[in-house]
Amino acid sequence: MRVAVLVTGQVKTGHPLGDLVKNNNRMKTILKGADFYYGAWNSFKKEFEKNFPEEKCYYFEEPKVHYHPYIDVPKEAHI
C-alpha cells in the first residue's frame, strides 16, 4: 500500500505557525516514500515555484466569494 499526501493552500514561508517549506521538509522526512501532491491558487504560482522548483503543483483559479461565511449563515446554525 502506498501513501499519498495532498498539500493545498497558501504558500507561506517564514510564518511561525505555517511555514510551508519547513513543514514540507518535516513531512517528507517522516513520510519517506510517500507520494506528495500540491495544489494552490494561481496567485501563488511564482512563490511556489521559487520555494519548490523540483515539485509539480496544480494551480486553480480562486473563486469569487459572493457571501460572507459567517454573517450569511442563519443564527440558529451558528456554533
Between [atom1] of [X] and [atom2] of [Y], what distance do you get to the nearest 0.5 Å?
{"X": "Tyr37", "Y": "Tyr58", "atom1": "OH", "atom2": "OH", "value": "7.0 Å"}
{"X": "Gln10", "Y": "Ser43", "atom1": "CD", "atom2": "OG", "value": "8.0 Å"}
{"X": "Asn51", "Y": "Cys57", "atom1": "CG", "atom2": "SG", "value": "11.5 Å"}

Quick one: are the ring centres of Phe48 and Phe44 less than 6.0 Å apart?
no

Test: salt bridge (charged side-chain N to carboxylate O under 4.0 Å, His left out). Region: residues 62-79. Which pairs qualify, not counting sequence neighbours?
none

Of all residues at least two apart in sequence or in a different chain, which pass the side chain to side chain contact (heavy atoms under 4.5 Å, CB included) check with [X]?
{"X": "Asp19", "value": "Thr13, Val21, Lys22"}
{"X": "Lys28", "value": "Asn24, Phe36, Tyr38, Glu55"}
{"X": "Thr8", "value": "Leu6"}
{"X": "Val73", "value": "Ala77, His78"}

When you compare the side chain of Val7 with that of Leu20, does any pair of heavy atoms fall below 4.5 Å?
yes

Please assess Trp41 against Phe60 for the test side-chain contact (heavy atoms from CB on, under 4.5 Å), listing each intermediate value before the final yes or no.
CA-CA 5 Å; Trp41 301 131; Phe60 303 94; 4.2 Å; yes

Asp35 meets the salt bridge (charged side-chain N to carboxylate O under 4.0 Å, His left out) criterion, sequence neighbours left out, with Arg2

